[in-house]
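The structure appears right after this line, and notes come after that.
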Protein chains: 2
Amino acid sequence: MATDQTRTAILIAAERLYAERGFSDVTLRDIVAEANVNLAAVNYHFGSKDELIAELFVTRSIALNRERLRELRAAEDAGGGRADIHAILRALVGPILRGCLGPENQRSAVARFMIRASIESVPPIRRIKNKEIDHLRKFAAAMQRALPDSSEVDLFWGLHFALAMAHHTIRESERLTKLSDGQCDLDDVEDVIARVVRGAVLGLTTRDQAAKSPPKVAAREAR
Amino acid sequence: MATDQTRTAILIAAERLYAERGFSDVTLRDIVAEANVNLAAVNYHFGSKDELIAELFVTRSIALNRERLRELRAAEDAGGGRADIHAILRALVGPILRGCLGPENQRSAVARFMIRASIESVPPIRRIKNKEIDHLRKFAAAMQRALPDSSEVDLFWGLHFALAMAHHTIRESERLTKLSDGQCDLDDVEDVIARVVRGAVLGLTTRDQAAKSPPKVAAREAR
DNA sequence: TTGCGTTTCAAACAATTGTATGAAACTATT
DNA sequence: AATAGTTTCATACAATTGTTTGAAACGCAA
């Protein structure tokens with residue numbers, strides 16, 4: 001079976017194109033052109049377009065989750081079994097942010113592909129995506145150990161918001177740059193990570209000095 | 001020109017279907033079936049599929065922005081010209097959250113359509129979307145007036161994160177419910193809004209007591 | 001070299017897409 | 001009622017999609 005060059009050429013090309021332009025407007029013909037292989041090769045090696053996407057997603061999903069867990073474990077080891085909440089969230093959002101942001105040249109199609117996948121919900125991916133929940137539970141559990149006094153609900157919200165900030169930053173990095181006239185530096189990945197983590201942690205650790213619902217102004221019609 | 005029933009039937013059907021299933025897998029034939037009109041009616045009334053989408057998006061975009069600004073102005077009036085930061089962010093994320101969450105029956109296709117539009121970047125929408133930046137600038141300006149001591153960069157990040165939490169909550173509401181075993185109540189819209197606003201405001205108002213970058217644990221390989 | 005399994009290729013396939021056509025049906029003014 | 005303008009309809013069209021086919025090319029053990 002040689003070196004699987006054709007197979008991997010397809011995978012690489014597909015990932016690159018999907019990451020760039022999204023699933024809906026990349027055709028098999030686009031992929032085989034990019035990969036310099038024959039049209040029929042996709043169906044020969046993968047069976048169908050959906051199976052190609054699924055294979056890509058599964059592979060990358062596993063790798064991303066592994067990296068996240070590696071960093072989580074490392075943080076737990078460094079803390080003698082109990083990781084700091086900052087480190088936990090950093091392990092959650094760091095890998096994907098590092099892959100998607102930073103100077104143009106070092107951005108990986110890998111990470112951007114994963115973001116696409118988490119957004120444009122195409123059937124073959126939707127089926128797999130449910131397993132991610134189990135993965136997130138591990139982080140929820142770690143957070144619980146780090147902040148045993150926080151309510152479980154608040155922890156889930158914190159986890160959820162951390163992912164929200166990370167993903168949204170990746171998706172809308174261009175808009176944020178434009179909005180801030182370039183003042184927000186999306187190339188300084190570690191700063192972005194710090195901001196995301198800090199935002200999420202603050203929400204988790206700051207006891208409500210003010211009542212939960214802020215002053216009753218607005219929200220109803222004026223005056 | 002009668003009552004435009006056909007035209008509006010198409011708009012309603014299209015919005016409903018797009019909101020539900022996304023742009024990529026809703027065809028004109030799906031739309032006309034849902035609207036009970038003839039296939040050719042779309043091209044007759046709108047010119048093309050893209051123009052139909054564009055019209056939908058423009059209309060809804062204007063309405064959403066108007067509602068946001070209305071709430072912002074109301075908050076400013078209530079505060080004697082200077083709105084509270086909570087109220088500003090509430091005006092930003094409230095309208096879309098109220099439209100997308102809450103008990104099934106009262107969720108509007110309108111708001112969900114807008115979320116789809118902000119995600120699945122289809123050409124006719126991408127062209128229009130740039131104008132949203134001007135709209136966001138108004139909120140940034142209001143935030144600056146509310147928190148004159150904060151750095152501009154931090155304010156942009158705060159605005160950005162508020163939108164992040166709102167949008168992500170809408171998109172991933174199902175996952176959050178599953179992850180938390182139903183403990184996070186996505187039907188209590190006002191609570192969700194309060195959480196989002198509180199999270200964003202905390203990031204803006206809490207002075208860094210700890211250094212910006214938390215303890216140097218983890219992030220590098222273990223030990 | 002022969003033969004056999006694997007891989008590549010050009011071509012064709014059926015299905016689906018958005019769009020166009022031209023006749024019919026309708027509406028309302030004269 | 002007759003006419004002109006608008007709207008609807010069934011149908012057809014061209015383009016694009018993922019997939020299949022069967023023959024050619026290749027790799028390699030015998």
Side-chain angles (χ1 to χ4, degrees), chain A residues 1-58 113 116-117 120-128, chain B residues 1-58 113 116-117 120-128:
Chain A
M1 66 177 62
T3 39
D4 261 356
Q5 347 167 296
T6 305
R7 228 186 104 93
T8 50
I10 291 173
L11 284 171
I12 292 173
E15 185 164 54
R16 232 178 61 78
L17 291 181
Y18 284 144
E20 251 172 39
R21 319 208 309 245
F23 294 103
S24 46
D25 51 71
V26 172
T27 73
L28 281 190
R29 282 167 178 82
D30 292 333
I31 295 173
V32 299
E34 173 87 6
N36 269 309
V37 301
N38 187 270
L39 174 59
V42 174
N43 288 276
Y44 177 77
H45 284 282
F46 298 93
S48 72
K49 187 194 187 186
D50 278 8
E51 287 172 90
L52 165 60
I53 295 181
E55 165 146 354
L56 262 178
F57 183 69
V58 169
F113 168 83
R116 285 281 186 195
E120 281 177 52
S121 179
V122 6
I125 287 184
R126 223 170 314 167
R127 269 177 264 125
I128 302 166
Chain B
M1 62 178 61
T3 38
D4 262 355
Q5 348 167 289
T6 305
R7 229 185 103 91
T8 50
I10 292 174
L11 284 171
I12 292 173
E15 186 163 52
R16 233 178 60 78
L17 291 181
Y18 283 144
E20 249 171 42
R21 320 209 308 247
F23 295 103
S24 46
D25 50 69
V26 172
T27 72
L28 283 189
R29 284 168 177 80
D30 292 332
I31 295 174
V32 300
E34 173 86 7
N36 270 311
V37 302
N38 187 271
L39 174 59
V42 174
N43 288 276
Y44 177 78
H45 284 282
F46 297 93
S48 72
K49 187 195 186 184
D50 278 8
E51 289 172 88
L52 165 62
I53 294 181
E55 164 145 354
L56 262 178
F57 183 68
V58 170
F113 168 82
R116 285 281 187 193
E120 281 177 52
S121 179
V122 8
I125 287 184
R126 223 172 313 167
R127 270 177 264 126
I128 302 166

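The structure presented is a predicted model; accordingly, all values stated were derived computationally and were not measured. A, B, ... follow the sequence lines: proteins, then strands. Residue 1 opens every chain.
Remark: C1' of D:dT17 and CG of A:Leu52 are 15 Å apart, rounded to the nearest angstrom. Atom pair B:Tyr44:OH and D:dG5:C1' shows a separation of 9 Å (rounding to whole Å applied). For B:Leu39 and D:dT7, the CG to P distance is 18 Å, given to the nearest whole Å. Spacing between atom NE2 of B:His45 and atom C1' of C:dT19 amounts to 16 Å, rounded to whole angstrom units. Going from atom CD of A:Gln5 over to atom P of C:dT6 covers 18 Å, rounded to whole Å. Taking atom CG on B:Asn38 and atom P on C:dT19, their separation rounds to 15 Å, with Å as the unit. Rounded to an integer number of Å, the gap from NZ of A:Lys49 to P of D:dG18 is 4 Å. Atom CZ of B:Arg29 is separated from atom C1' of D:dT11 by 11 Å (rounded to the nearest Å).
Taking the six-membered ring where the residue is Trp, A:Phe113 and A:Tyr18 present tilted rings, their angle falling between 30° and 60°.
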Please step through side-chain contact (heavy atoms from CB on, under 4.5 Å) for the pair A:Lys49 and A:Ile31, ending with a clear verdict. CA-CA 10 Å; A:Lys49 187 194 187 186; A:Ile31 295 173; 5.6 Å; no

Stepwise, does the side-chain contact (heavy atoms from CB on, under 4.5 Å) test hold for A:Asn43 with A:Leu28? CA-CA 10 Å; A:Asn43 288 276; A:Leu28 281 190; 4.1 Å; yes

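Where A:Thr27 and A:Gly47 each meet DNA chain D at their nearest nucleotide, the meeting point lying more 5' is that of A:Thr27. Comparing A:Ala40 and B:Val26 by the nucleotide of DNA chain C whose heavy atom lies nearest to each, the residue mapping closer to the 5' end is A:Ala40.
Here CZ of B:Arg7 is found 9.0 Å from CG of B:Leu52. Values are rounded to the nearest 0.5 Å.
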